[in-house]
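Each remark here refers to the structure printed beneath this line.
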Amino acid sequence: MDPPPRRLAAPLLLLILLIAASSPAARAWKKDEFRNCNQTPFCKRARTRAPHSLDAPLSLAAGSLAVSPDGSISAELSHPSRPRPLVLRLSALPPHALRLQIDEDYSTATPPNRRFHVPDVLLPDIEARTLHLPEPKTAGGVSTVALSSDLDVVVKHDPFELTVRRARSGDPVLSFNSHGLFDFEPLRESKPEDETWEEHFRSHTDKRPRGPQSITFDVSFYGADFVYGLPEHGSTSLALRPTRGPGVEESEPYRLFNLDVFEYLHESPFGLYGSIPFMIGHGARASSGFFWLNAAEMQIDVLAQGWDGAATPENGRIDTLWMAEAGVIDAFFFVGSEPKDVVKQYVSVTGTPSMPQQFATAYHQCRWNYRDEADVDGVDAGFDEHDIPYDVLWLDIEHTDGKRYFTWDHSAFPNPEEMQRKIADKGRKMVTIVDPHIKRDSSFHLHQEATEKGYYVKDANGNDYDGWCWPGSSSYPDMLNPEIREWWADKFSYESYKGSTPTLYIWNDMNEPSVFNGPEVTMPRDALHYGDVEHRELHNAYGYYFHMATADGLLKRGEGKDRPFVLSRAFFAGTQRYGAVWTGDNSADWDHLKSSIPMVLTLGLTGLPFSGADVGGFFGNPEPDLLVRWYQVGAFYPFFRGHAHHDTKRREPWLFGERRTAIIREAIHVRYSLLPYFYTLFREASVTGIPVMRPLWLEFPDDKETYNNGEAFMVGPSLLAQGIYEEGQKSVSVYLPGKESWYDLRNGSPYKGSVSHKLQVLEDSIPSFQRGGTIVPRKDRFRRSSTQMVNDPYTLVIALNSSNAAEGELFVDDGKSYDYQQGAFIHRHFVFADNKLTSLNIAPDNLGKKKFTSDCVVERIIILGLRSGAKKAIIEPGNREVEIESGPISLRSGSSLVVPTIRRPNVRIVDDWTIRIA
């Protein structure tokens, strides 16, 4: 197109696109705007193949297995029809994870381009941790390799098939290509004259200059009743439903392709903002996981029993079909004695979650947009006036100068540093949005610099890619390039980001990346990145690299001392190392409230424990009762934020009448009282990867009643909650797993375990319980923010089990720095047994020289389930006597005197002590 007409058309096109983008009705999810499997050639081809086909090139044969000097095992996969063989590599990681890598053998015939291996996702020491595998034992066309003392890897040579099985029983746990669906389309050296590689969708053409290069294979999970994972999609089911096979209506595969989907469907396998190609299989007999490191578009089928025409389908086996547009096979097989083992192994290769600052675990208030400094002041004062704590106030895109990020609208926000200082004086923080699209404005210094340095993603012709987003004409930094990520990180310095302060943190939105005029509202697949990599090969990781660069920027800004807080909408495997995510542009309806639970649980299972959904729904005006119920559930989300679209009515918590304000205040107070417990759980997540918010089966892996319960959830090992997901609901059935009793968080009433209880629905709370045998730390004095609670005393809530025993933990540090990595923290283990409560130090001695101390004391100890009528307790050391009285389970107004309480023991959390009930 000639430049002059394009310039003349640009203002009109900009107006049309931005109106369409910002209008809820225009941006609502429309099925025909996004490709389905039949419109996606690689998916359509793969789905038509029959199992156990001997047609070329599916029936690849494996050559002899050879042990390499690094301890891995290699082999050649070949078929006469292929232009070059494939190279297979097997390696092992402790304790018993198997890595399978397959790529083309470029030493025999070199295509113009090589396949893309996703960098900077796996931990850098992964090769150093690789175990040496023993020599294979081969007989009858089958080779066996000992993976560990408990597991073997079995390779069938022709046709190639791989199985991980129990060493003693020979029972399979996971298999690859057991149905013969493995296909690895070879790269072509040139396009045949009679073949077209172009693909068309709506008005867009993908020239696919490198031709078809898809990969397909089947993976089977043995001993599994259900499979889980594959975020992100909307669903009210925690388990992944079958997408093909007998009894399954026409359905789409689970799609992993990061997209900007506004007002998404609450029940759909369609891909949303992030992609993690990790699946967990679980049943009474086995827990296993499969992770495929590939950032291209994926489609995954979960196949119903009998899909392959088997006369007698094998119970306890779930077959899945994995399809990707490009890339290589770099896959991991995980086997555990319980599902937590599988999660731990996954984060052992992709990284444990970062430890958040304390403030980030509290309540956040956001809106598109708070208009100006007066609006910010008014919202901040409103929380104080109504005695509602909050920690973070957010500013969306309208705070900038014409959607130029790292700037301020000087008429609306003339004094940003002073605004932040006033918020910070109350212990609060602010967050501003920084998206990846850079306004193509020759007067904008960021655009000038990126253009001069050649830092933008290129289009298929090698020019700076020009797409449309909030600023209008925009370009996108090529975040695959480490040099560009370093450049981006520097933009968060106080010198570069004028008006920013140490209490300002960052929100990355639209980083799928969203392109309003692009195919499926994203960047064209034939755009080019660093190293001549096509966008199709790394699409799902673009937002991950952007998130990484932003987090690194805040880390540099704080000279490595301040933990970053960066919220990202797009995500990929490894995102957990850089910050939090949320479930995107949900809607203010009951179905979206209900689907938020499986969505957040799934994110936690796949390595992302710091996640949540927009409380109240981003789009639309929630009816007051829905908003109340959402706050009651949201108080248990790991990431707790209220957010709303600019076309919605204002919905600050005090705008719905005194009664509802009081209920919302109570929900937020519940969260603040539990902050010590949440922070301790985030510490556990940062070490082990075990999520903060958990499916019931993660804590009760043998209880089949929990396997597909997506309405109730655990917070850590101790608390269980179930939302109210229907308007006007009068009663609710809550299943409480395990053999021990559970205690109502409101009044301490006991409920039997392994039973479904029909409960009356109450207006002022949702069903929530503490598990017998646990101890939960709380802080019950309420301040304006979590920062102002730092020196407040603790309450310990002991819920006794049938053995009159309980245990729990408390982790405390400075809540902001990295000093904890050098030993500056308090980590206590509380144990109640034989009528004694003991506080034990479980912090290791070898972490470093830094120390952390606290003068905080325990001011109350509540004992649920105490059978004796004891009136006194003795504190050691010191032989000090204190009273046991009936006291309120909560210090908030309205709590009655119902539970045995040790008042004012005033023992320091940093000390060893014992309290014996006399």
Side-chain angles (χ1 to χ4, degrees), residues 356-364 388-392 600 604 609-612 615 630-641 663-685 690-694 699 712-723 742-748 764-771 774-790 792-799 806-813 815 828 830 856 858-862 864 888-892 895 899 909:
Q357 291 200 41
Q358 175 81 60
F359 81 82
T361 68
Y363 177 63
H364 301 244
I388 301 174
Y390 89 99
D391 268 64
V392 192
V600 173
F610 201 4
S611 67
V615 170
W630 214 318
Y631 268 101
Q632 291 169 338
V633 169
F636 294 102
Y637 290 156
F639 176 61
F640 183 23
R641 181 183 75 156
I663 298 174
I664 293 173
R665 178 192 300 117
E666 172 66 11
I668 296 175
H669 277 174
V670 166
R671 173 52 166 253
Y672 274 76
S673 72
L674 290 171
L675 284 179
Y677 180 63
F678 270 90
Y679 196 67
T680 300
L681 294 175
F682 274 106
R683 165 63 175 178
E684 180 188 8
I690 302 303
V692 173
M693 183 170 154
R694 308 170 182 178
E699 290 298 323
F713 54 90
M714 299 291 296
V715 177
S718 306
L719 302 182
L720 181 151
Q722 179 161 325
W742 296 78
Y743 299 88
D744 191 313
L745 288 189
R746 293 174 61 254
N747 54 32
D764 59 357
S765 64
I766 60 173
S768 48
F769 305 86
Q770 183 171 340
R771 179 182 179 181
T774 65
I775 300 176
V776 171
R778 298 192 325 214
K779 283 195 172 185
D780 288 348
R781 299 186 184 181
F782 298 106
R783 312 293 186 184
R784 290 176 171 180
S785 64
S786 67
T787 307
Q788 296 185 346
M789 298 167 62
V790 167
D792 285 348
Y794 288 83
T795 294
L796 298 181
V797 183
I798 302 173
E807 62 181 333
E809 293 184 12
L810 173 66
F811 178 86
V812 185
D813 63 6
R828 309 301 298 186
F830 302 117
C856 288
V858 177
E859 70 170 346
R860 291 196 312 149
I861 299 172
I862 295 170
L864 303 176
I889 198 167
S890 167
L891 294 180
R892 298 184 295 280
S895 295
V899 290
I909 61 166

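Keep in mind it's a predicted model, so treat the numbers as computed, not measured. One-based numbering along the sequence shown.
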Point-to-point distance, once rounded to the nearest 0.5 Å, from [atom1] of [X] to [atom2] of [Y]:
| X | Y | atom1 | atom2 | value |
| --- | --- | --- | --- | --- |
| L681 | I690 | CG | CD1 | 11.5 Å |
| L720 | F713 | CG | CZ | 8.0 Å |
| L796 | R828 | CG | CZ | 11.5 Å |

Salt bridge flag under 4.0 Å for residues E809 and R683: no
Do [X] and [Y] have side chains that get closer than 4.5 Å, going by heavy atoms?
| X | Y | value |
| --- | --- | --- |
| I862 | Q770 | no |
| T361 | S786 | no |
| S765 | E666 | no |

Check: Y390 ring centre within less than 6.0 Å of Y363 ring centre: no
Decide if the gap between the ring center of Y672 and the ring center of F782 is smaller than 6.0 angstrom. no
Would you find a donor on one side and an acceptor on the other, under 3.5 Å apart, between the side chain of [X] and the backbone of [Y]?
| X | Y | result |
| --- | --- | --- |
| Y794 | L810 | no |
| T680 | F811 | yes |
| R778 | V797 | no |

Aromatic plane relationship, F610 with F682 - under 30° parallel, 30 to 60° tilted, over 60° perpendicular: perpendicular
